[in-house]
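To keep things clear, I will list the structure first and then write my remarks on it.
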Amino acid sequence: MFWWLLPVAAAAAGVAAWVALRSNRMSNIRRRPVAHVERLTALPEYQAALRRHRRRLLLAGAACALLLASTAVAAARPVDVSTIRPEQHNRDIMLCLDTSGSMSSADAAVVDVFAGLARTFDGERIGLTIFDSTAIQVFPLTDDYAYAQEQLHLAKDAFDGKPGSSGFLDGTWSGRGSSLIGDGLASCLNSFPGHGGKTPSEAGGGTGQEGVPQRSRSVVLATDNFLSGEPIMSLEQAAQVARERSVHVHALNPGDLDYGSGPDQPGAQLRAAAESTGGLYYALDNADAVAGIVNAVEQTETAAIQGAARAVFSDVPGLPLALGLLSALALYAVLWRLQGSGRLGRAWLRRGAVVLLVLVAALRPGLPGGSVRAATTDLNVFFVVDTTTSMVAEDFGNGSPRLEGVRKDIMAIAEQLPGARFSVITFDTTAHVRMPLSTDTLALETITDVLEPQVTDYAKGSSITAARQVLSERLSAARDSNPGRPRLVYYLGDGEQTSAGDSEAMTVDGGLVAGGAVLGYGTAAGGRMKENTGLQGTASKENAAQENDGGAYLQDNRAGSSGDAVSVIDEERLRNLAGQLGLPYVHRAAGAPVADMMQQARPGKVERADGKDPLAVGAELYWIFAAGAFLLALPEAVGIIRQLRGLPGRPGKEGVR
């Protein structure tokens, strides 16, 4: 908004008022004194006519003042922050990388191939998941290719053994065994939003039979298929799930070496699994691998999706222009009643021009080739999310899991902070960075949608401060890269401590946390928890039916106890944690608004961005016409003030004129 125009307009109106009120000797040149004029002015008819004239002048003055104020505001280009979700037509590709020991010599080369794929795709959303005994999503589906390339570069540094990059593989060894190919592929399939359904933001793609989406989804699986351990799901079973979801699996085999020609050999099994989904199989060093996979993906149909939410500054002159048009018409009508149609000179041409200019401004004329900047909140926002088993306790709202409330709150907070950079850190037995800092809210929505609790068999007890070290490192890195950008932390959990002993203090270096909140989920009565076997979302219909029966709930195995285990919120721990971080604690319930919590969290202001990605819109011209109407209305204000000043007073208070 051109706020500076408002004081300029006020100064111009002040000058006009001064000109109207100053003594004007020339105005009395044509006047002649009349004897006994008080006899005329005392007549009731004269006084009634004078009152009517004064009322009309006052009405004209009010209309002129409103006209000046509204056109000045319109000329200053009032703006509002609005959220848009532009529709995109693209495909989803999940890069799926086996990081087990047998792949160590090839992983850096695989990442180079993945980077080549990322450079080749245009408009597609890509993500990266790595796995050994367990899977970690390095970055969710996103069309921010600079962000994806940055993460792939970090992956290559880790596989090349660059100092300081060893933490990249943290979390991939949390399970039993190693190189669990089927489980890894299943985790990559679960990285697509909705586990075969649609996220709330997806639209237009429709669904096929049995709810299978028509949206194009592909997995590029890089593995040598050397299994070492007992997986929850075999490669063949995972491929069956991919077929059920219409996901094409394209396999890259760095070894491409079998010890015979039988179908039970690793390479033959991998080829059969990929081709059974409609995908392709390549040796990693095959020159046609990248081009072949890209061509296969591009042959699938695109589907519509509501893109990442973007907050933009948009002109909102509707109200001032409407008031300006009404006041201009009222002024024209009142002056017509006052002066009649006997003198149609320059004054009436000016008044007609005022009405015409405001009318044209109200039509919002524009030229192609303009742009509008996105709105931004200059913040780094870290979501620290508890994904322990207790977070599926069914005591949020009407029997929903606590994670459901977490998902809704994350997106509600993101909507209140347009243009901020978001990161997601989850913790169970250990902590993982699920999403590094990014402005891609669609990627945030995707990673939020696929949040799942830890597999029950892998649970070893958890601490509510398990994410302290990872959070502290990420906060420090954010401060070092941009010291002037405040950092907000939102901790979302239930406070339940299941590891032995007390948790360490959730303290970070002073000044790292500028705001945020600790959000608590659950009730004192508690809720039952369904077991996460790792098959949810990937099982066949028969297995899914078994997962939904009463035996799916965790059982209370404490001495002397029986029946379903119940998890209750521990608000005392959450309040202590909030005090350690210097943040407010807020208990969250289903349907509770985020406004009060956001106010306590000190989120900062929304500002106009000067970034490199403006949105194309027409160049608005209405403000030029509004400014012209303001300037032409100033003489009318001068004339009305002078007429009011020149009116005679009441009888007995007015001398001869």
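Along the sequence shown, residues are numbered consecutively beginning with 1. Excluded from the calculations below are hydrogen atoms, water molecules and symmetry mates; all remaining heavy atoms, backbone and side chain alike, are included.
Shown here for Ala222 and Phe114, the closest heavy-atom pair between the two residues is CB-CZ, 4.0 Å. Between Ala467 and Met506 the shortest heavy-atom distance is C-CE, 4.4 Å. Listed here is the closest heavy atom pair of Met103 and Leu97: CE-CD1, 4.3 Å. Residue Asp428 comes nearest to Ala466 through the heavy atom pair O-CB, 4.1 Å, listed as atom of the first residue, atom of the second, then distance. What you find for Ile464 and Gln497 is that their closest heavy atoms are N-OE1, 3.1 Å. Contact detail for Asp132 and Ser100: the closest heavy-atom pair is OD1-CB, 3.4 Å.
With a 4.5 Å cut-off on side-chain heavy atoms, His587 and Ile569 count as touching. Arg588 places a side-chain heavy atom less than 4.5 Å from the side chain of Val594. In this structure, Arg364 and Leu621 have side chains that are not in contact, with every pair of non-hydrogen atoms separated by 4.5 Å or more. In this structure, Arg421 and Ser438 have side chains that are not in contact, with every pair of non-hydrogen atoms separated by 4.5 Å or more. A heavy-atom distance below 4.5 Å is not found between the side chains of Val385 and Ile425. Contact annotation: the side chain of Val220 never approaches that of Met94 to less than 4.5 Å [non-hydrogen atoms, C-beta and beyond]. Proximity of Ile136 to Phe131: side-chain heavy atoms (C-beta onward) are nowhere separated by under 4.5 Å. Side-chain contact between Ile130 and Leu95: absent, with no pair of heavy atoms (C-beta onward) separated by less than 4.5 Å.
Under the 3.5 Å distance criterion, the side-chain polar atoms of Ser481 are matched with a main-chain donor or acceptor of Ala478. Of the possible polar contacts, none joining the Arg479 side chain to the Leu512 backbone as a donor-acceptor pair under 3.5 Å is found. A donor-acceptor pair under 3.5 Å is formed between the side chain of Gln149 and the backbone N or O of Ala115. Here the side chain of Asp160 pairs no donor or acceptor atom with the backbone of Lys162 at under 3.5 angstrom. The backbone N or O of His432 sits nowhere less than 3.5 Å from a side-chain atom of Arg434 that would complete a donor-acceptor pair. When atom types are taken as modelled, the side chain of Ser187 and the backbone of Asp183 share a donor-acceptor pair closer than 3.5 angstrom. Remark: side-chain polar atoms of Ser423 are paired, donor with acceptor, to backbone N or O of Met435 under 3.5 angstrom. A donor-acceptor pair under 3.5 Å is absent between the side-chain atoms of Glu496 and the main chain of Ser567, judged by distance alone.
With rounding to the nearest 0.5 Å, the separation of OG1 in Thr439 from CG in Leu417 is 13.0 Å. Between the CG atom in Asp112 and the CG atom in Asp107 there is a gap of 11.0 Å [rounded to 0.5 Å]. In this structure, CG on Asp494 lies 7.0 Å from CG on Leu574, to the nearest 0.5 angstrom. Note that the CD atom of Glu473 and the CZ atom of Arg468 stand 9.0 Å from one another [nearest 0.5 Å]. Between the CD atom in Gln151 and the CG atom in Leu128 there is a gap of 8.5 Å [rounded to 0.5 Å]. Taken to the nearest 0.5 Å, the CG atom of Leu180 stands 12.5 Å off from the CG atom of Leu185.
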Take Thr389 and Leu554, measure what side-chain contact (heavy atoms from CB on, under 4.5 Å) needs, and give me the verdict at the end.
CA-CA 9 Å; Thr389 302; Leu554 287 174; 3.2 Å; yes
Would you check, one step at a time, whether the test side-chain contact (heavy atoms from CB on, under 4.5 Å) holds for Met391 with Val406?
CA-CA 9 Å; Met391 288 300 289; Val406 169; 3.5 Å; yes
Start with the C-alpha distance between Thr441 and Glu415, add both sets of side-chain angles, then the distance that settles side-chain contact (heavy atoms from CB on, under 4.5 Å), and finish with yes or no.
CA-CA 9 Å; Thr441 54; Glu415 187 176 349; over 6 Å; no
Would you check, one step at a time, whether the test side-chain contact (heavy atoms from CB on, under 4.5 Å) holds for Leu519 with Met597?
CA-CA 9 Å; Leu519 309 181; Met597 177 268 293; 3.7 Å; yes
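Side-chain contact of Thr142 with Asp440: a donor-acceptor pair under 3.5 Å is present, judged by distance alone. Under 3.5 Å, the side chains of Thr465 and Glu504 contain no donor-acceptor pair of N or O atoms.
The pair Asp92-Arg125 meets the salt-bridge criterion, since a charged nitrogen lies less than 4.0 angstrom from a carboxylate oxygen. Look at Glu572 and Arg575 and you find no salt bridge, because none of the NZ, NE, NH1 or NH2 atoms lies under 4.0 Å from a carboxylate O. Residues Arg77 and Glu620 are not paired through a salt bridge, judged by the lack of any N-O separation under 4.0 Å between the basic side chain and the carboxylate.
For Tyr491 and Phe427, the distance between ring centers is under 6.0 angstrom.
Partners of Phe396 by side chain to side chain contact (heavy atoms under 4.5 Å, CB included), not counting sequence neighbours, listed by chain and number: Tyr521, Ala590.
Paired with Arg402 under the rule side chain to side chain contact (heavy atoms under 4.5 Å, CB included), one option of Thr523, Asp386, Asp395, Leu492 passes, and it is Asp395.
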